[in-house]
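Quick note on labels: first sequence line is chain A, next is B, and so on, each numbered from 1.
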Number of protein chains: 2
Amino acid sequence: MAAATLKNIQKCPTSYVLAIQDTLNAFQGKWKMPIIGTLLFGKKRFKEIEREIPKITPRMLSQELKDLEMNGIISRTVYATSPVTVEYELTKSGKQLSKVVEAMLEWGLQHRRANMLELLPILQTKTA
Amino acid sequence: MAAATLKNIQKCPTSYVLAIQDTLNAFQGKWKMPIIGTLLFGKKRFKEIEREIPKITPRMLSQELKDLEMNGIISRTVYATSPVTVEYELTKSGKQLSKVVEAMLEWGLQHRRANMLELLPILQTKTA
DNA sequence: TATAGCAGTATACTTTAGTATACTGCTATC
DNA sequence: GATAGCAGTATACTAAAGTATACTGCTATA
């Protein structure tokens, strides 16, 4: 099961396309990646997340947290304190997203290296 | 260089965040994944891509192809036939996106399996 | 000579995503 | 008794993304 499922896509196109769609959905919009990213470092409360993600509004954060919860990526735990304490945490499945993020990081880094090498001659004629 | 760059993110947060952002950008919007997906099977002409992606309009296809070209993910080759023949192909870097798609596929499949197991008891009480 | 296919572009529009601002009830601290 | 923090919600708005429809010049085929 480990590798090269992609080349078998013609065997089962529909469910493969749906699976990829699901992953894309997990990161959709401006705020889901930062939220997942910050929760990869451990469970956090609403205000903590809000503080760690610059410029996010409580409306957006609330909306995205609900969305991620509905999709089984995070779980929400309410503690019966007063006022209530609420903690958000990645589910088992949510934590597995680190593998996808890892692949994204790897690609992004190599892509930047590749593009830099391509731009280098241009930069040299500019400074020469 | 192979693995576990994520846990070193605190060493170099900015460039890591930018790298992940780049990858996210590569797939941004409704149409980039289908376009990249179809080009992973080989170079194609404009109308071919249009035919293979249901409901895409030429305006959207044109816009997204330009975007992907500017980002160094695909290359555009014009042949001096009349009328012109144009071929789109993934760049070396673009082809590497298959690794990311692979990771997305893998996560999506496992996530669906996990969620199905979770929903199974509910389905059973419904049908019982 | 009319029609269809290629590789798109132009204009106008609708839909969705995201922002701004103000507000809720609750309680601990100043 | 006023203020601040928690965990959000409500209303109104702007900006971005995507759609619909029609059109271009070119040429091979019917």
Enumerate all atom pairs, one protein N or O and one N or O from nucleotides 21-23 of chain C, separated by less than 3.5 Å.
none

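Of all the heavy atoms in B:T91 and B:S75, the pair that sits closest is CG2-N, 4.0 Å. Looking at every heavy atom in both residues, B:I49 comes nearest to B:K44 through CG1-CB, 3.7 Å. Of all non-hydrogen atoms in B:E64 and B:Q28, the two that sit nearest each other are OE2-O, 4.0 Å. Nearest heavy-atom pair across A:N25 and A:K32 is O-CD, 4.1 Å. Between B:E50 and B:I56, the closest heavy-atom pair is O-CG2, 4.0 Å. For the pair A:L65 and A:F46, the tightest heavy-atom approach, listed with the atom from each and the gap, is CD1-CD1, 3.8 Å.
Close to C:dA7, at under 4.0 Å from its OP1 or OP2, lies no side-chain N or O of B:K66. Residue A:R51 has no polar side-chain atom (N or O) positioned under 4.0 Å from OP1 or OP2 of D:dA7.
Here CG of A:L105 is found 10.5 Å from CG of B:D22. Values are rounded to the nearest 0.5 Å.
Rounded to whole Å, the distance from CD1 on A:I56 to C1' on D:dA7 is 14 Å. A:M60 has its CE atom 15 Å from the P atom of C:dT16, to the nearest Å. Rounding to whole angstrom units, CG of residue B:L61 and C1' of D:dA17 are separated by 16 Å. Counting to the nearest Å, the C1' atom of C:dT16 and the CD atom of B:Q28 are 14 Å from each other.
Across residues 76-88 of chain A, A:S82, A:P83 each have a non-hydrogen atom less than 4.0 Å from an atom of DNA chain C (numbered order). Within a heavy-atom distance below 4.0 Å of DNA chain D, the residues of residues 30-38 of chain B found are B:K30, B:W31. Annotation: proximity of residues 43-50 of chain A to DNA chain D (heavy atom, distance under 4.0 Å) is found for A:R45, A:F46, A:K47, numbered in ascending order.
Pairing for C:dA10 is with D:dT21, a Watson-Crick or G-U wobble pair whose two hydrogen-bonding atom distances lie under 3.5 Å. Of all nucleotides present, only D:dA2 satisfies the Watson-Crick or G-U wobble test against C:dT29, with each distance under 3.5 Å.
If you find the closest nucleotide of DNA chain C to A:E64 and to B:Q63, the one lying nearer the 5' end belongs to B:Q63.
Counting only heavy atoms from C-beta outward, the side chains of B:L90 and B:I73 approach each other to under 4.5 Å. Between B:Q110 and A:Q96, some side-chain heavy-atom pair lies under the 4.5 Å cut-off. Under the 4.5 Å side-chain criterion, counting only non-hydrogen atoms from C-beta, B:W31 is in contact with B:K55. Residues A:K95 and A:E89 are in side-chain contact: their nearest non-hydrogen atoms beyond the backbone lie under 4.5 Å apart. Taking 4.5 Å as the limit, every side-chain heavy atom of A:S98 sits out of range of all side-chain heavy atoms of A:E102.
Residue pairs meeting the ring pair (Phe, Tyr, Trp, His ring centres under 6.0 Å) criterion with at least one partner in residues 98-117 of chain A, sequence neighbours excluded, are A:W107-A:H111. Screening residues 82-103 of chain B for ring pair (Phe, Tyr, Trp, His ring centres under 6.0 Å), with sequence neighbours left out, gives no hits.
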